[in-house]
Structures are given as structure tokens and as C-alpha cells.
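Notes follow once the structure below has been shown.
For the numbers below, each heavy atom of this structure counts, side chains included, while hydrogens, waters and symmetry mates do not. Whatever order the structure lists them in is the order used to number ligands and atoms, beginning at 1.
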Amino acid sequence: MLIETNRLLLRSFQVADLERFVAYRSDPDIARYQGWEAPFPVDVARQFIDEMMRQPPAVPGTWYQLAMERRADGLLLGDCAIHFRDDQPRQAEIGFTLARDAQGHGYATEAVLGVLAYLFEALDYHRVAANCDAENARSAHLLERVGMRREAHFVESYWAKGRWTSEYHYAILQREWSDRPAGAHRA
Ligand SMILES: CC(C)(COP(=O)(O)OP(=O)(O)OC[C@H]1O[C@@H](n2cnc3c(N)ncnc32)[C@H](O)[C@@H]1OP(=O)(O)O)[C@@H](O)C(=O)NCCC(=O)NCCS
């Protein structure tokens, strides 16, 4: 599975990604609103990459993690995850992470636009959703930048990392993707 955008390759993980993957997952700022703790253990990362290398993409009921590589120099910038749902037809959920030194350049926006194009245009998906911690302003901005609609604000709806956490739910439909204005961001 390969998604190409202007500046990025979204590709399968490789063994060579291990060091950089562990480094950005071990950054407390990157882990703050995510399901893992920093530092991220090397053996867990190795097992994760090994599983991703063996797992076929787009299998309903699984999450598939794509490595985000900068085309100019091959640097691993982060990753994008796609949950291919099996409880609903043609629906997916997405997630994304960018190393701190790669933030602020629109790379994550470009990657998410590439993933949305793949899901809506190549796979003919109907709806794509994403959730984020209500305090994760950069993530909420990104989801709004790519044209996703905030559909829900769940207040202190789950316990994570020692606090009651509130959550925004976003989504976009295939027809909304097709009808987005000509000036909207493109991958
Ligand atoms: C969420 C996350 C990916 C957002 O990173 P980001 O750098 O803000 O997102 P982008 O790469 O799309 O960059 C957008 C920023 O670059 C700027 N930018 C520069 N060039 C740009 C371009 N060509 N296109 C779009 N934006 C550009 C934008 O103005 C924006 O900056 P601003 O928010 O100060 O206005 C990042 O904060 C992250 O990985 N956080 C930790 C993991 C996490 O919480 N993930 C989300 C879980 S729900």
C-alpha cells in the first residue's frame, strides 16, 4: 500500500524506521494525548513494526499504520493510522502523529488529505471519522483544516492518564469530500 502526495510517501513500515519511531513516540509532548506512555519501549516498537510489516492493509476490523516519509530526503516524519471498520460498510477512522521537528509545515494536513483521497476515491468509502482530546488544539485545527465536521463534544467521557478527558468527534462524508470548494487544501 502506497499513497503519494506532493511532499510525502505514505508507505508500509520498515525495520529501518525503528530508531526514529521510538524517538518521536518517546517525546512526552507527542504522547500527551495519545494512548501510549513516553518513553516508548524499543522492544514494543520493534514488535509493532514487525506486525505492521506482516499485516495486509485494508482488512476490515484492523488498524493499519502508514509511515509518513518525506520524499526529499527519506526522513520518517510520523505516521497515519487507518481503522478499517468491520461493524459498518465503507467506514473508517483515522489517526495521525508527527515528530515535533516536523510540525508546523503542513505535513500532517497533507498526509490526512492523501488518506482521505485514498479512502474516498480509491476505495469508495462513505464516511471517515476521527476523534481527538478536546485539549488537543493542533489536532482539532488539522481536522477542521481538511474539512472535517465537529459532530460531538463528549465532556469528561473517559479516564486517561490521571484525568477525566473530554473528546471531540469529527467526520466527513464522501459527498462532502467531492463537493469541497476548489480553494480547499489539496494533498
Ligand atoms: C496533531 C499534529 C499532527 C498536528 O501537527 P501540525 O504541525 O499542527 O500539523 P500540520 O503538519 O498539518 O501543520 C499545520 C501547521 O503548519 C502550518 N503550515 C505551514 N505550511 C503549511 C502548508 N503547506 N500546508 C498547511 N499548513 C502549513 C499551518 O499554518 C499550521 O500551523 P498553525 O497551526 O500554527 O497555523 C501534531 O501536533 C502531533 O503529532 N501531535 C501529537 C500526536 C497527536 O496528538 N496526534 C493527534 C491524535 S488525535
Side-chain angles (χ1 to χ4, degrees), residues 3-10 13 17 20-40 44-45 48 52 63-73 75-83 85 91-119 127-172 177 180-187:
I3 298 174
E4 293 185 50
T5 69
N6 200 20
R7 296 176 294 174
L8 303 171
L9 288 182
L10 302 179
F13 266 90
D17 295 324
R20 178 97 173 135
F21 180 67
V22 169
Y24 67 72
R25 280 213 165 194
S26 294
D27 181 336
D29 274 355
I30 301 302
R32 176 165 301 128
Y33 303 115
Q34 298 279 32
W36 70 81
E37 301 284 350
F40 195 76
V44 176
F48 176 87
M52 277 304 123
W63 279 91
Y64 193 79
Q65 202 97 7
L66 286 158
M68 197 191 297
E69 176 184 313
R70 186 161 58 198
R71 293 166 74 143
D73 57 5
L75 185 69
L76 180 71
L77 303 181
D79 53 75
C80 261
I82 307 174
H83 176 209
R85 290 177 59 176
Q91 290 211 35
E93 186 185 345
I94 58 170
F96 37 82
T97 297
L98 208 54
R100 201 200 305 212
D101 59 12
Q103 294 188 12
H105 300 280
Y107 290 126
T109 299
E110 187 171 317
V112 170
L113 287 167
V115 167
L116 292 174
Y118 164 74
L119 290 168
R127 177 181 156 98
V128 178
N131 305 335
C132 74
D133 188 312
E135 290 185 6
N136 193 349
R138 295 193 79 89
S139 180
H141 286 157
L142 186 157
L143 292 166
E144 286 162 20
R145 198 181 295 123
V146 300
M148 296 182 80
R149 173 172 15 84
R150 189 188 295 173
E151 296 187 328
H153 179 185
F154 292 106
V155 179
E156 298 190 11
S157 53
Y158 68 97
W159 180 259
K161 300 193 175 179
R163 66 182 174 100
W164 285 111
T165 303
S166 300
E167 196 175 41
Y168 291 145
H169 283 208
Y170 286 87
I172 182 170
W177 172 259
R180 71 199 192 286
H185 279 292
R186 308 273 155 182

Please determine whether a side-chain nitrogen of the Lys or Arg among Arg163 and Asp133 lies less than 4.0 Å from a carboxylate oxygen of the Asp or Glu. yes

If only side-chain N and O atoms count, and only distance matters, is there a donor-acceptor pair under 3.5 Å linking Tyr24 with Asp79? yes

Taking the inter-plane angle between the rings of Phe21 and Phe48 on a 0 to 90° scale, is it parallel (under 30°), tilted (30 to 60°) or perpendicular (over 60°)? parallel

Mind checking side chain to side chain donor-acceptor pair (under 3.5 Å) for Arg70 and listing every partner two or more places apart, or none if nothing turns up? Asp73, Tyr107

Would you call the rings of His83 and Trp63 parallel, tilted or perpendicular if under 30° counts as parallel and over 60° as perpendicular? parallel

First-shell residues of ligand 1 [heavy atom, distance under 4.0 Å]: Arg7, Ile30, Gln34, Phe96, Thr97, Leu98, Gln103, Gly104, His105, Gly106, Tyr107, Ala108, Thr109, Asn131, Cys132, Asn136, Arg138, Ser139, Leu142, Arg145, His185

Closest contact, heavy atoms only, Ile172 versus Arg149: CA-NH2, 4.2 Å

